[in-house]
Amino acid sequence: MMRDTIILRVVAKLLLPAILIFAFYVQFHGDYGPGGGFQAGVAAAGAIILYGMIFGIPAAKHVIPTTVVEIMVPLGVLIFAGTGVVSMMLGENYLNYSPLRAAPGDGQHMGILIVEAGVFITVASTMLAIFYGFGGLADEADAEAAEAAEDGEK
Amino acid sequence: MVITVVGIIRAHNLFAVVMLGGVYSFLMATVMVILDAVDVSMTEAAVGAGMSTVLLLAVLHLTRTREAPLRHKPYIPLFVCLLTGGALVYGTLDLPPFGEANAPQNLHVAPYYIENAERETHSPNIVTAVLASYRGYDTLGEVTVIFTAGIGVLILLASGVRRRRVKPDPLQDPKDDAL
Amino acid sequence: MTTILADLNYWVTVFLLVGGLYIVVAHGNMIKKLVGLSIFQTSVYLLFLSPGKVLGGTAPIIAEGFDVYSNPLPHVLILTAIVVGVATIALGLALVVRIHRSYGTIEEDELHDLESDA
């Protein structure tokens, strides 16, 4: 598609680290400024999607393989639910993070960070999985169109 | 924003529709900043304008990009929509005016969150505190929905990866009909 | 005049909702239907967010020098709703792709024709 355009390639390479750093800033600064797992997840997935759109989906899959994505999708939910189970084992209600640390406020803060990480993992990997799904089909369609064109030439 | 929606209704080229959708999302994000919802605005800009547009473009690549002209005159849907709109406008007359600090929705649990969130969770961003801590169960449900939707997309797209070139003749091979 | 300004946000919301509804009901193209559905969704976001705004208030992030904050609760609800919304739209798009692959069309009218022919 647009893999041969040099401006796109260079600009994308310049933008990618910025986007990723921004995503992680949003993730870990989410309790002080605007942001959190949902936004950071989408931003990080967006960075990989940009890479996949410009350098081709196989290149993106080389960076983050499909299996990793498929493991990450349930992993985030498990982290979230597991935090709840841990707090329940420590004698509090489900998803009450106070007992995670000595002071209840610190515990809550830590719980928020863990849970946001879970949200981040699930959101980012789900978006990537959806993109890989649609993108794979698009590549297939491209290949078939090319084949059909070759057949037509014969 | 209103103009963009009218444009989306009128446009028949689906590329134009998708692009107007992206414009609409960015405008919506701006409105959200004005409404003090910075977290939401960030999400809308990333999700609505970024992700949805990319997904819609990918699907347009897979299908076709022009909409067939309408076959029926759209009078009945128009009537239904106008009726709904009229009823809703009538309903808004009873809602509290914009920006009222003492409106009922701002007096329920919100003051508690605003007063206690930082002390109880050490997180100055109240939205994050409520999202992850006070309403953690809610958010767990939402994450599960996203998870389920992702699985659904993967299942739908993965089954029958082999694309049929020719339309199958049902008399010839019944197995072709099974997807 | 004041009532008009006080209710303007609701009326914009209603217009967006009706516009989205019109696209969903009147148009036969499934991608356009999904775009209409997302407009419908955003109108609901606006419906939730606009009453939460307090005039003279600021974004709900605790900082020195601010006393009035907007209501954070709708922000939380809508934040998750947006991401869930895009996930469901993706699910709908996957269905559209499958329908296109099986029937070769994404127009409802043409699908009806195919059904009545068979």
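Everything quoted here is computed from the prediction, not taken from an experiment. Reminder, nothing fancy here: chain letters follow the sequence lines and each chain counts from 1.
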Inset, instruction - Take C:Leu79 and B:Met42, measure what side-chain contact (heavy atoms from CB on, under 4.5 Å) needs, and give me the verdict at the end. - result: CA-CA 9 Å; C:Leu79 180 60; B:Met42 215 156 139; over 6 Å; no

Legend entry - Part of B:Ile76 within contact of chain C (heavy atom distance under 4.5 Å): neither

Legend entry - Sub-4.5 Å side-chain heavy-atom contact between B:Asp39 and C:His75: no

Legend entry - Distance in Å, C:Ser43 OG paired with B:Leu88 CG, rounded so as to fall on 0.5 Å steps: 9.0 Å

Legend entry - Winner by heavy-atom pair count (cut-off under 4.5 Å) against chain B, out of C:Val25, C:Leu77, C:Ile31, C:Ile78: C:Ile31

Legend entry - Best-contacting candidate, B:Leu56, B:Val33, B:Val38, against chain C by heavy atom pairs under 4.5 angstrom: B:Leu56

Inset, instruction - Please report the closest heavy-atom contact between B:Val153 and C:Ala94, naming both atoms and the distance. - result: CG1-CB, 4.1 Å

Legend entry - Under 4.5 Å from any heavy atom of chain B - which part of C:Leu21: both

Legend entry - Heavy-atom closest contact (B:Met28 atom, C:Thr42 atom, distance): CE-O, 3.2 Å

Inset, instruction - Find out whether B:Leu55 and C:Ile89 are in side-chain contact, i.e. whether some heavy atom of one side chain is under 4.5 Å from a heavy atom of the other. - result: no

Inset, instruction - Could you check which of B:Ser25, B:Gly91, B:Pro77 has the highest count of heavy-atom pairs closer than 4.5 Å to chain C? - result: B:Pro77

Inset, instruction - Pick one of side chain, backbone, both or neither for B:Val145, based on which atoms fall under 4.5 Å of a heavy atom in chain C. - result: side chain

Inset, instruction - Would you mind reporting whether B:Tyr24 and C:Leu16 have side-chain heavy atoms less than 4.5 Å apart? - result: yes

Inset, instruction - Just do the side-chain contact (heavy atoms from CB on, under 4.5 Å) check on C:Val84 and B:Ile146 with the steps written out, would you? - result: CA-CA 6 Å; C:Val84 169; B:Ile146 295 168; 4.0 Å; yes

Legend entry - Within-4.5 Å side-chain heavy-atom neighbours: B:Leu35 and C:Leu46: yes

Inset, instruction - For the residue pair B:Leu78 and C:Tyr22, establish whether any side-chain heavy-atom pair is separated by less than 4.5 Å. - result: yes

Inset, instruction - Heavy atoms only: give me the nearest B:Leu157-C:Arg101 pair and the separation to one decimal. - result: O-NH2, 4.2 Å

Legend entry - Greater than 12 external heavy atoms within 6.0 Å of B:Phe147's CZ: yes

Inset, instruction - Decide yes or no for C:Leu91 and B:Leu156: does some side-chain heavy atom of the first lie under 4.5 Å from some side-chain heavy atom of the second? - result: yes

Legend entry - Pairs of heavy atoms under 4.5 Å with chain B: top-ranked of C:Leu34, C:Leu93, C:Val86, C:Val97: C:Leu93

Legend entry - Close side-chain approach of C:Leu49 and B:Met32, heavy atoms under 4.5 Å: yes

Legend entry - Gap between atom CZ of C:Phe15 and atom SG of B:Cys81 - 0.5 Å precision: 11.0 Å

